[in-house]
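These notes are about the structure you will find just below.
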Amino acid sequence: MDHWSESEGKRAHDPIFQFFSQNQNHRQPVENCCKQRSVDAAAAAPSERCTCFWVSGPIIVGAGPSGLAVSACLKEKGIGSLILERSNCIASLWQLRTYDRLSLHLPRKFCELPLMPFPADYPIYPSKQQFVAYLESYAARFGISPMYNRTVVHAEYDEELLLWRVRAQISGTMGEEVQYVSRWLIVATGENAEAVQPDIGGLQEFPGTVMHTSAYKSGSAFTGKRVLVVGCGNSGMEVCLDLCNHNAEPHIVVRDAVHILPREMLGYSTFGLSMRLLKWLPVHFVDRILLWTARTIFGDTARLGLKRPAFGPLELKSLSGKTPVLDVGTFAKIKSGDIKVRPAIRQISGRDVEFADGQLEGFDAIVLATGYKSNVPFWLKDRELFSEKDGLPRKAFPNGWKGERGLYSVGFTRRGLMGTSVDARRIAYDIEQQWKAKGTHPDVFL
């Protein structure tokens, strides 16, 4: 008996399943079924005492750009899917956990999701608000309706049923859980699911404001205050610029070497120029061109406390996933002294921060631009596709999108939305081929 036939037979005899109607809209049967409870399920083991639903198409965890992209690609092929989202909106990172002045760091043509371009009247670098509007239009166009307030707490492959079981808690309830079962599980929670909180001595006792950039909105709340920004990636640099523009006194901690590149050079976006050059030249040669141009524009950044890494920006990105900073005006403020560069923090005592060079400075607030991390290891009980260490696929792009037994990942390429689009198309095609090989058509919900 093949995998499909065996799983169908076992599913048919499992008393906890409730089946979706196959001739109605996908979302509506879910809502209707949520009002029911299987008597057999209620009498099952404590770990299984939750309403359970069979999902005929893939289950997608996460309604960010990656989840939307793969759902749209599946929809184009006539395959319905169910998206589980822990928040109350799509793209919750963009809508709820980003600062107001944020815009795309890359030109819009490199950030389009599959099957739908940005509106022609959008600027080259769309704002946060414009990007969110684009995503909402995208979801509407493809009829994507995620199930919100569903936090996935456990997902595991059932070796007996040969299916994925996904358990989610419903927000706003007394721990109520719902279980979904499907042949396919697509992880789309992304590389930025949880904020990274650094371990700095004395930080917990700091009497002023301490916040991660995920909670930072605008520098208007810090006018006239001395603010220490910890972290020198794109977010840290842009938050410093925003603070400066709101008449705060920002200082930025630069612990590691960093590549700062102009957002545009030689009449092209830096990213676009890199992509053009890489068609004809090796990475190390393109890196030399980028660094020579950056030095011509910025001069020697090391004299301002911004040492460059030993590897070039493209090589470093390939090796570690670390993205170079694309300058939007911060460097000019550093050069003028409006933004001061500080070395690593040694410890914090009260409002005073001691740095690695022995200097002691007092601050009113600390903003942690320390990045994000994947949360996949906390809920996915599979260690073949994803690493337990960092929650990212074990195999580097372009080979990290597919695991075993119907498990997929999208949005973990470390190549932004371009990588997301590549993975989304591959996943949709792969699942479509499985349907065709079976000789049946998927349960379509249009």
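What you see is a predicted model; the values in this text were computed from it and never measured. The figures that follow rest on heavy atoms only: side chains count, while hydrogens, waters and symmetry mates do not.
Between the side chain of Ser374 and the main chain of Gly391, a donor-acceptor pair closer than 3.5 Å is present. Listed for the Asp364 side chain is a donor-acceptor partner under 3.5 Å among the backbone atoms of Arg226. Although no hydrogens or angles enter the test, the distance criterion places a donor-acceptor pair under 3.5 Å between the side chain of Ser182 and the main chain of Gly57. Not one N or O on the side chain of Lys395 forms a donor-acceptor pair closer than 3.5 Å with the backbone of Lys402. Side-chain N or O atoms of Arg276 include none that pairs as donor or acceptor with a backbone N or O of Tyr268 at under 3.5 Å. Judged purely by atom type and a 3.5 angstrom limit, Glu191 uses its side chain to pair as donor or acceptor with the backbone of Arg414. Put simply, the side chain of Arg303 never gets that close to the backbone of Thr301: no donor and acceptor are under 3.5 Å apart. Looking at Arg426, its side chain does come within 3.5 Å of a backbone N or O of Pro398 through a donor-acceptor pair. Remark: side-chain polar atoms of Ser269 are paired, donor with acceptor, to backbone N or O of Gly272 under 3.5 angstrom. Under a 3.5 Å cut-off, the side chain of Arg383 and the backbone N or O of Pro377 do form a donor-acceptor pair.
How far CG of Leu102 is from NZ of Lys217: 10.0 Å, rounded to the nearest 0.5 Å. To the nearest 0.5 angstrom, Leu392 atom CG is 13.0 Å from Glu388 atom CD. One finds the CG atom of Leu261 at 9.5 Å from the CG atom of Asp327 (value rounded to the nearest 0.5 Å). Taking OH of Tyr125 as the reference point, atom CG of Leu104 lies at 10.0 Å (rounded to 0.5 Å). Going from atom CD1 of Ile83 over to atom CD1 of Ile90 covers 9.0 Å, rounded to the nearest 0.5 Å. How far CG of Leu368 is from OG of Ser235: 12.0 Å, rounded to the nearest 0.5 Å.
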Go through His154 and Glu177 one step at a time and tell me if the side-chain hydrogen bond (donor to acceptor under 3.5 Å, both in side chains) criterion holds. CA-CA 11 Å; His154 187 94; Glu177 293 187 350; over 6 Å; no

How far apart are the C-alpha atoms of Ser137 and Met116, what are their side-chain angles, what is the distance that settles it, and do they pass the side chain to side chain contact (heavy atoms under 4.5 Å, CB included) test? CA-CA 10 Å; Ser137 297; Met116 180 174 150; 3.8 Å; yes

Run the numbers on Thr330 and Val325 for side chain to side chain contact (heavy atoms under 4.5 Å, CB included), then give the verdict. CA-CA 10 Å; Thr330 306; Val325 172; over 6 Å; no

Please test Glu238 against Lys333 for salt bridge (Lys or Arg N to Asp or Glu O under 4.0 Å), starting from the C-alpha separation and ending with a verdict. CA-CA 11 Å; Glu238 195 161 356; Lys333 296 294 185 180; over 6 Å; no

Using the rule given for side-chain hydrogen bond (donor to acceptor under 3.5 Å, both in side chains), can you reason through Thr420 versus Ser66, listing the C-alpha separation, both sets of side-chain angles and the distance that settles it, and then say yes or no? CA-CA 6 Å; Thr420 287; Ser66 298; 3.2 Å; yes

Starting from the C-alpha separation in whole Å, work towards a yes-or-no answer on side chain to side chain contact (heavy atoms under 4.5 Å, CB included) for Trp379 and Thr189. CA-CA 11 Å; Trp379 57 269; Thr189 48; 4.0 Å; yes

Full working for salt bridge (Lys or Arg N to Asp or Glu O under 4.0 Å) between Arg405 and Asp382: CA-CA 11 Å; Arg405 303 173 298 187; Asp382 180 278; 3.2 Å; yes

With side chain to side chain contact (heavy atoms under 4.5 Å, CB included) as the criterion, how do Leu115 and Arg425 come out once you've worked through the C-alpha distance, each side chain's angles and the decisive distance to 0.1 Å? CA-CA 10 Å; Leu115 310 173; Arg425 292 180 186 275; 4.1 Å; yes

Run the numbers on Tyr408 and Asp423 for side-chain hydrogen bond (donor to acceptor under 3.5 Å, both in side chains), then give the verdict. CA-CA 9 Å; Tyr408 300 90; Asp423 281 354; over 6 Å; no

Quick one: do Phe412 and Phe386 satisfy ring-ring contact (aromatic ring centres under 6.0 Å, His included)? Show the steps, please. CA-CA 10 Å; Phe412 293 86; Phe386 287 90; 5.2 Å; yes

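For Lys128, the NZ atom is densely surrounded, since the number of other residues' heavy atoms within 6.0 Å is greater than 12. Remark: Ile124 CD1 is loosely packed, at most 12 non-hydrogen atoms of other residues, nucleotides or ligands lying under 6.0 Å away.
Aromatic pair Phe222/His246: ring centres not closer than 6.0 Å. Between His284 and Phe311, the ring center distance fails the sub-6.0 Å criterion.
In this structure, Trp164 and Tyr157 have perpendicular ring planes: the angle between them is above 60°, well past the 30° mark. Tyr180 and Phe53 have tilted rings, their planes meeting at an angle from 30° to 60° on a 0 to 90° scale.
A 4.5 Å side-chain heavy-atom check between Trp435 and Ile79 finds at least one atom pair inside the cut-off. A 4.5 Å side-chain heavy-atom check between Tyr372 and Leu93 finds at least one atom pair inside the cut-off. Put simply, the side chain of Ser274 does not reach to within 4.5 Å of the side chain of Phe271, judged on heavy atoms. Taking 4.5 Å as the limit, some side-chain heavy atom of Val283 sits within range of a side-chain heavy atom of Leu278. Between Val166 and Leu185 the shortest side-chain heavy-atom distance falls below 4.5 Å. Side-chain contact between Ile339 and His251 is absent, with no heavy atoms from C-beta onward closer than 4.5 Å. Between Leu291 and His259, the closest side-chain pair of non-hydrogen atoms falls below 4.5 Å. Put simply, the side chain of Ile59 does not reach to within 4.5 Å of the side chain of Val181, judged on heavy atoms.
Annotation for Pro309 and Leu316: closest pair CG-CD2, 3.8 Å, computed over non-hydrogen atoms. Counting all heavy atoms, side chain and backbone alike, Ala69 lies closest to Pro114 at CB-CD, 3.8 Å. Looking at every heavy atom in both residues, Gly305 comes nearest to Val254 through O-CG1, 3.9 Å. Annotation for Ala257 and Arg308: closest pair CB-C, 3.6 Å, computed over non-hydrogen atoms.
Residues Arg141 and Glu76 are not paired through a salt bridge, judged by the lack of any N-O separation under 4.0 Å between the basic side chain and the carboxylate. Remark: Glu432 engages Lys77 in a salt bridge, criterion side-chain N to carboxylate O under 4.0 Å.
Between Ser409 and the choices Leu385, Val376, Val70, the side-chain contact (heavy atoms from CB on, under 4.5 Å) rule is met once, by Leu385.
A donor atom on one side chain and an acceptor atom on the other are found under 3.5 Å apart for Ser81 and Ser71. At a cut-off of 3.5 Å, with distance as the only test, a side-chain donor of Thr323 or Lys317 sits close to an acceptor on the other residue.
Figure legend: cation-pi geometry between Arg108 and Phe118 absent, as NZ or CZ is not positioned both under 6.0 Å from the six-membered ring centre and within 45° of its axis.
A search for side chain to side chain donor-acceptor pair (under 3.5 Å) contacts involving Trp94 returns nothing, not counting sequence neighbours.
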